[in-house]
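Notes to accompany the following structure.
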Amino acid sequence: MSDLPDRPELVRLLSDQFDALADLVGGLDEDRWRIPSPLPGWTVFDVIGHIIGTESLLLGDKPPARAAQAPDIDVKTLPHVRNDIGALNEIWLQRLRPLSGAELLRMYHEVADRRRKALSAMDDQAWLAPSQSPVGEVPYARFMRVRLFDCWMHELDIADALGERVEEGGARGEVAFTEFAQSLPRVLAKRGGAPVGSLIALRLTGPLTRTLHIEVGDRAAYVTAPDREATVTLELDSGLLVRLGGGRVDPETALGRITFHGDAELGRQLARNLAFTI
């Protein structure tokens with residue numbers, strides 16, 4: 001699951017993702033911009049502001065100056081800020097919140113267009129160069145797949161906040177899910193406490209239908225052709241799995257939407273400990 005799409009494809013998918021986010025918020029009035037999102041402390045406005053901040057940093061931009069009327073807050077004291085990345089995200093949001101939704105959207109379009117041009121202008125050497133990312137030092141290409149996943153996940157956040165439905169499958173969803181799935185073996189073994197020797201099956205329904213098999217040995221890893229019955233099978237919608245992995249839903253309220261086969265106690269333990277994204 002680690003193979004990367006080629007540069008033209010991933011750049012196109014990122015561009016499509018930028019457009020999908022703009023379409024989702026394009027007709028919002030000011031009240032709907034300020035609806036709380038599934039992310040603690042963030043509104044729909046803040047989710048778009050966060051994307052602007054991240055893509056601006058990738059362009060080499062610094063946060064805008066603090067508006068005179070904006071409160072001077074130590075962002076590290078906010079309960080939903082847990083690390084330096086979270087603090088930097090919040091600095092951008094504190095600077096952007098005085099804007100109207102329409103002003104924020106204009107800024108978003110401008111930043112997205114600049115990022116499209118920057119990505120299209122990259123050569124292969126820059127595309128494969130080691131880069132610091134939320135998943136450690138990886139080729140820039142992998143970092144951009146992380147960016148696609150992050151933006152795709154935030155599209156779901158905004159849609160859930162607004163009570164809208166969006167396409168969760170398709171080319172963007174497939175590549176974003178590939179990035180998400182990279183972490184599942186480690187999460188199930190480390191956070192979920194799956195015992196050595198266990199074989200876990202995730203049978204996904206919905207827009208990203210597939211069955212994933214993960215075997216826990218010295219390290220947990222995917223297996224394509226398991227030679228035995230799974231210790232536990234979790235059958236659930238792919239969208240629910242992604243939201244559990246993103247910490248967007250309370251696992252206790254989601255257990256009733258998961259069917260367990262085999263060791264159901266282990267299955268519930270795994271489902272309660274899926275959240276891993278920052």
Side-chain angles (χ1 to χ4, degrees), residues 1 3-29 32-33 35-39 42-52 54-55 101 104-105 108-109 111-113 115-116 119-120 134 141-184 202-212 234-249 254 257-259 274-277:
M1 288 197 175
D3 292 341
L4 297 174
D6 63 21
R7 180 159 54 96
E9 179 188 2
L10 189 49
V11 171
R12 177 181 61 80
L13 293 177
L14 276 164
S15 181
D16 290 347
Q17 184 61 62
F18 292 153
D19 287 340
L21 284 159
D23 290 344
L24 188 55
V25 299
L28 298 183
D29 61 28
R32 283 171 68 75
W33 272 105
I35 289 175
S37 81
L39 297 163
W42 283 13
T43 62
V44 168
F45 182 101
D46 295 331
V47 175
I48 295 295
H50 158 63
I51 295 170
I52 289 173
T54 302
E55 298 300 328
L104 188 82
L105 185 56
Y108 173 80
H109 281 299
V111 170
D113 287 345
R115 281 290 289 147
R116 288 186 180 99
L119 287 165
S120 297
R142 169 79 188 279
F143 185 12
M144 291 305 96
R145 194 175 73 181
V146 174
R147 289 302 307 134
L148 177 66
F149 164 69
D150 186 64
C151 291
W152 177 79
M153 190 81 194
H154 288 319
E155 182 187 357
L156 304 189
D157 291 332
I158 294 171
D160 290 350
L162 298 174
E164 302 285 349
R165 294 183 64 85
V166 294
E167 173 56 59
E168 297 189 21
R172 288 185 291 110
E174 289 288 341
V175 176
F177 187 83
T178 297
E179 181 58 46
F180 170 84
Q182 286 282 102
S183 298
L184 285 177
L202 300 172
R203 188 179 302 156
L204 305 183
T205 58
L208 295 166
T209 298
R210 68 203 62 209
T211 300
L212 305 174
L234 286 72
E235 186 173 349
L236 70 163
D237 183 85
S238 60
L240 178 57
L241 176 65
V242 168
R243 288 167 175 83
L244 284 167
R248 267 61 169 184
V249 296
R257 299 161 59 191
I258 304 172
T259 301
L274 277 168
F276 68 91
T277 65

Say you draw a straight line from NE2 of His154 to CZ of Phe149; how long is it, rounded to the nearest 0.5 Å? 8.5 Å

Roughly how far, to the nearest 0.5 Å, is CH2 of Trp42 from CD1 of Ile158? 10.5 Å

Which atom of Cys151 lies closest to which atom of Phe18, heavy atoms considered: SG-CE2, 4.3 Å

Is any side-chain heavy atom of Leu119 closer than 4.5 Å to a side-chain heavy atom of Met144? yes

So how far is it from Ile51 CD1 to Leu21 CG, rounded to the nearest 0.5 Å? 4.5 Å

Report the residues that fulfil salt bridge (charged side-chain N to carboxylate O under 4.0 Å, His left out) with Glu174, sequence neighbours left out, ordered by chain and then residue number. Arg210

Residues in side-chain contact (heavy atoms from CB on, under 4.5 Å) contact with Arg12, at least two apart in sequence or another chain: Glu9, Asp16

Which residues pass the salt bridge (charged side-chain N to carboxylate O under 4.0 Å, His left out) test with Asp237, not counting sequence neighbours? none

Between CG of Leu28 and CD1 of Ile48, what distance do you get to the nearest 0.5 Å? 9.0 Å

Could you check whether the rings of Phe276 and Phe180 sit parallel, tilted or perpendicular, using 30° and 60° as the cut-offs? tilted

With no hydrogens and no angle check, is any side-chain donor or acceptor of Ser238 less than 3.5 Å from a backbone partner on Leu204? no

Residues forming a side-chain contact (heavy atoms from CB on, under 4.5 Å) with Ser120, sequence neighbours excluded: Val11

Smallest separation among heavy atoms of Ala161 and Val44, with atom names: CB-CG2, 3.9 Å

Using the test side chain to side chain donor-acceptor pair (under 3.5 Å), find all partners of Glu168 that sit at least two apart in sequence or belong to another chain. Arg243

For Gly26 and Leu105, work out which heavy atoms get closest and say how close. CA-CD2, 3.8 Å

Using a strict cut-off of less than 4.0 Å between a Lys/Arg side-chain nitrogen and an Asp/Glu carboxylate oxygen, indicate whether Arg172 and Glu167 qualify as a salt bridge. no

Trace of the side chain to side chain contact (heavy atoms under 4.5 Å, CB included) decision for Leu104 with Val25: CA-CA 11 Å; Leu104 188 82; Val25 299; over 6 Å; no

Give the intermediate values and the outcome of side chain to side chain contact (heavy atoms under 4.5 Å, CB included) for residues Leu208 and Leu241. CA-CA 10 Å; Leu208 295 166; Leu241 176 65; over 6 Å; no

Looking only at heavy atoms, which two atoms of Pro134 and Phe143 are closest? And how far apart? CD-CE1, 3.6 Å

Non-neighbouring partners of Asp19 that pass salt bridge (charged side-chain N to carboxylate O under 4.0 Å, His left out), sequence neighbours left out: Arg116

About how many Å separate NE2 of His109 and CD1 of Ile52, when rounded to the nearest 0.5 Å? 10.0 Å

Considering residues at least two apart in sequence or located in another chain, which fulfil the side-chain contact (heavy atoms from CB on, under 4.5 Å) criterion with Glu235? Arg203, Thr205, Thr259, His261

Tell me the closest heavy-atom pair linking Leu10 and Arg145, and the distance in Å. CD2-N, 3.8 Å

Trace of the side chain to side chain contact (heavy atoms under 4.5 Å, CB included) decision for Thr277 with Met153: CA-CA 10 Å; Thr277 65; Met153 190 81 194; 5.8 Å; no

Once rounded to the nearest 0.5 Å, what's the spacing between atom CD of Glu164 and atom CG of Asp23? 12.0 Å

Residues in side chain to side chain donor-acceptor pair (under 3.5 Å) with Thr43, at least two apart? Asp46

For side chain to side chain contact (heavy atoms under 4.5 Å, CB included), just list the numbers for Glu179 and Asp150, CA-CA rounded to whole Å, side-chain angles, deciding distance to a tenth of an Å, and then say yes or no. CA-CA 10 Å; Glu179 181 58 46; Asp150 186 64; over 6 Å; no

Counterpart residues, salt bridge (charged side-chain N to carboxylate O under 4.0 Å, His left out), relative to Arg7 (two or more places apart): Asp124

Show the nearest heavy-atom pair for residues Gln17 and Leu148, with the distance to one decimal. CB-CD1, 3.8 Å

